[in-house]
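Step one of this worksheet: look at the structure below.
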2 protein chains.
Amino acid sequence: MTSSTIDRILDAAEVEFAAHGFVETSLRTITSKAKVNLAAVNYHFGSKKGLIQAVTDRFLGPLTQNLQAQLSAYEQSSHKSTIGEQELQALFGILARSCQQVAQQNQHSLAVFARLINMAYSQSQGHLRKHLTYQYGSSFLYFMKLLRQHMPVMNNEQFFWRFHYLLGTLVFALSSSESLVAICEREYEVSRNLDQIMSDLVLVMARAAQAPITGEYK
Amino acid sequence: MTSSTIDRILDAAEVEFAAHGFVETSLRTITSKAKVNLAAVNYHFGSKKGLIQAVTDRFLGPLTQNLQAQLSAYEQSSHKSTIGEQELQALFGILARSCQQVAQQNQHSLAVFARLINMAYSQSQGHLRKHLTYQYGSSFLYFMKLLRQHMPVMNNEQFFWRFHYLLGTLVFALSSSESLVAICEREYEVSRNLDQIMSDLVLVMARAAQAPITGEYK
DNA sequence: GTTAGTTTTAAACACATGTTTTAAACAAAT
DNA sequence: ATTTGTTTAAAACATGTGTTTAAAACTAAC
């Protein structure tokens with residue numbers, strides 16, 4: 001049980017970071033929730049930054065691996081030159097399913113992970129952004145490449161923006177899903193789970209991807 | 001020039017908060033950038049929380065006022081029972097134009113403001129969220145009500161979720177617009193301004209609002 | 001010119017943070 | 001049983017934080 005300390009730290013850090021952000025979570029609350037000595041973090045991870053990167057790596061590693069596999073299987077199967085909403089739904093569906101599978105396999109909450117990603121972008125944490133793009137940039141680009149084939153109407157720059165709009169939709173929705181679920185249960189007495197939210201998001205993203213590319217709203 | 005101190009503090013706090021978040025920005029950096037004594041913040045705003053609320057109020061006050069006016073003008077004009085993409089575009093366009101107008105009138109950057117809103121939701125800051133819903137909740141609901149009339153296919157709960165997806169798209173895209181613009185200029189040698197981004201976002205949101213409401217992505 | 005109220009200033013306070021240090025406890029191999 | 005390397009433990013360190021205090025400077029009215 002020598003490395004149980006490391007896992008306990010990672011488990012505690014994950015939920016605390018997701019709940020209160022990286023900066024607002026102190027090492028002391030993490031180590032106390034993990035029932036571990038304060039110095040253990042610096043001993044095993046070097047620094048708080050090291051811990052933050054380790055927490056994200058533990059999820060993003062399996063995720064990108066899973067995603068890569070499913071994407072290349074999809075690429076070699078069919079749908080190659082087809083254009084349409086169904087193919088877009090399929091691609092976003094692969095992304096959604098990858099997230100859910102990895103979350104389920106590793107006993108993690110998808111909402112927690114989405115909040116982590118959101119934190120990585122909304123809080124400054126320059127080191128994290130660099131680490132993520134360096135480590136997982138290629139998987140990112142692979143997904144973009146496949147998606148690009150089903151959005152041939154627009155040029156590269158227009159696609160770039162459209163892609164990030166959709167990414168924002170996904171991240172923001174997932175990361176605020178827990179509080180939205182709570183509001184929704186209180187307000188409409190209907191409870192939603194992440195599966196339903198994901199299904200809905202896939203449809204929304206696939207439709208949004210096909211919005212016209214020019215025009216003025218004035 | 002007695003209240004110039006207050007304005008200088010607000011100006012400095014606004015850009016620092018947007019750039020580095022509420023927690024990672026210290027009162028000392030704010031007061032030094034504002035060329036004001038450290039104690040001035042506690043004297044004029046009571047506390048750091050008070051300053052945070054004042055910063056958001058300075059933008060959200062004029063914004064909701066502007067938005068309310070334009071919305072009621074729109075409501076009394078026409079389009080009342082019509083359904084379609086054009087009406088959705090019109091409503092989102094009103095929201096977009098309100099944001100831009102207020103930003104321009106008060107010499108503020110829209111991206112800075114969007115980042116503030118994003119911070120208010122992604123960082124814990126429970127006091128801010130309470131303050132915002134208490135102060136500006138009605139304007140929020142008014143916009144929702146009008147939008148609801150043009151999305152009659154879905155029930156209230158489905159609309160609730162769809163609405164927040166779109167909101168996430170807007171906030172996330174605007175708040176990360178500055179870094180995306182930079183990447184885009186380096187990568188594609190094309191520069192976009194916020195007007196173009198807003199136009200595009202309006203089209204995307206109007207299209208996404210019409211996505212089908214049920215179905216599985218598996 | 002004096003006074004009363006407001007604003008600014010410099011210093012100190014109380015506290016929480018990440019990190020380091022030093023020694024103790026432990027594990028496994030010789 | 002001793003030794004070696006690794007992990008844990010408690011304490012201290014250095015620093016940055018929001019806030020408060022008390023005096024000084026300023027403003028405006030009488």
Side-chain angles (χ1 to χ4, degrees), chain A residues 1-58 116 119-120 123-131, chain B residues 1-58 116 119-120 123-131:
Chain A
M1 287 275 165
T2 163
S3 78
S4 160
T5 302
I6 294 181
D7 289 334
R8 287 219 304 282
I9 292 177
L10 287 174
D11 288 338
E14 186 176 79
V15 316
E16 289 302 312
F17 282 154
H20 307 113
F22 298 121
V23 207
E24 289 175 277
T25 307
S26 73
L27 294 184
R28 280 172 175 83
T29 58
I30 291 175
T31 51
S32 88
K33 298 236 174 193
K35 292 188 170 120
V36 153
N37 187 273
L38 167 64
V41 169
N42 289 283
Y43 177 75
H44 286 290
F45 301 98
S47 64
K48 188 180 182 181
K49 286 184 183 179
L51 174 60
I52 292 175
Q53 295 183 6
V55 167
T56 59
D57 282 341
R58 190 166 62 145
L116 281 181
M119 300 282 175
Q123 312 204 204
S124 55
Q125 299 295 343
H127 72 99
L128 222 194
R129 226 167 3 215
K130 276 175 196 164
H131 175 70
Chain B
M1 287 280 163
T2 163
S3 78
S4 159
T5 301
I6 294 181
D7 289 333
R8 287 220 303 281
I9 292 177
L10 287 174
D11 289 337
E14 187 175 79
V15 316
E16 289 302 312
F17 282 153
H20 308 112
F22 297 122
V23 205
E24 289 176 276
T25 307
S26 72
L27 294 185
R28 281 172 175 82
T29 59
I30 291 175
T31 51
S32 87
K33 296 235 176 196
K35 291 188 169 121
V36 154
N37 187 275
L38 167 63
V41 168
N42 289 282
Y43 178 75
H44 286 289
F45 300 98
S47 64
K48 189 182 182 180
K49 286 184 182 178
L51 174 61
I52 291 175
Q53 294 185 7
V55 167
T56 59
D57 282 341
R58 190 166 63 143
L116 282 180
M119 300 281 176
Q123 312 203 206
S124 56
Q125 299 295 341
H127 71 99
L128 221 194
R129 231 175 350 225
K130 277 176 195 161
H131 175 71

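As a basis for the values below, the full set of heavy atoms in this structure was taken, side chains included, without hydrogen atoms, waters or symmetry mates. Chain identifiers are assigned alphabetically (A, B, ...) following the order of the sequence lines, protein sequences preceding nucleic acid strands; residue numbering begins at 1 within each chain.
Between the side chain of R28(B) and the base of dG18(D), at least one donor-acceptor pair of N or O atoms lies under 3.5 Å.
Protein atom CD of E24(B) is 12 Å distant from nucleotide atom P of dG18(D), rounded to whole Å. Between the NZ atom of K49(B) and the C1' atom of dG18(D) there is a distance of 12 Å, given to the nearest Å. One atom, CG of N42(A), and another, C1' of dT8(D), lie 14 Å apart when rounded to the nearest Å. A straight line from CG of L38(A) to P of dA11(D) spans 13 Å, rounded to a whole angstrom. To the nearest angstrom, C1' of dG18(D) lies 14 Å from CD1 of I9(B). Per the geometry, CD1 belonging to I30(A) stands 12 Å off C1' belonging to dT17(C), to the nearest Å. L27(A) has its CG atom 4 Å from the P atom of dG18(C), to the nearest Å. Atom CZ in F22(B) sits about 14 Å away from atom P in dG18(D), given to the nearest Å.
Counting only heavy atoms from C-beta outward, the side chains of F45(A) and I6(A) approach each other to under 4.5 Å. Using a 4.5 Å cut-off on side-chain heavy atoms (C-beta onward), L27(B) and N42(B) make contact. When side chains are defined from C-beta on, E14(A) counts as touching R58(A), because their heavy atoms get closer than 4.5 Å. Looking only at side-chain heavy atoms (C-beta outward), K48(A) and V41(A) stay at 4.5 Å or farther from each other. With a 4.5 Å cut-off on side-chain heavy atoms, I30(A) and F17(A) count as touching.
Across all strands shown, T29(A) has no heavy atoms under 4.0 Å from either base or sugar-phosphate atoms.
When distances run from any side-chain atom of K48(A) to the nucleotides dT19(D), dA9(D), dG18(C), the shortest one goes to dG18(C). Comparing dT7(C), dG18(D), dT19(C) by their nearest atom to the side chain of Y43(B) picks out dT7(C). Across dT9(C), dG18(D), dA9(D), the shortest atom-to-atom separation from the side chain of N37(B) is found for dT9(C).
Taking 4.0 angstrom as the limit, S26(A) places a side-chain polar atom (N or O) nearer than this to OP1 or OP2 of dT17(C). The shortest distance between the side-chain N/O atoms of T5(A) and the OP1/OP2 oxygens of dT8(D) is below 4.0 Å. Regarding contacts with the backbone of dT6(C), every side-chain N or O of H44(B) stays at 4.0 angstrom or more from both OP1 and OP2.
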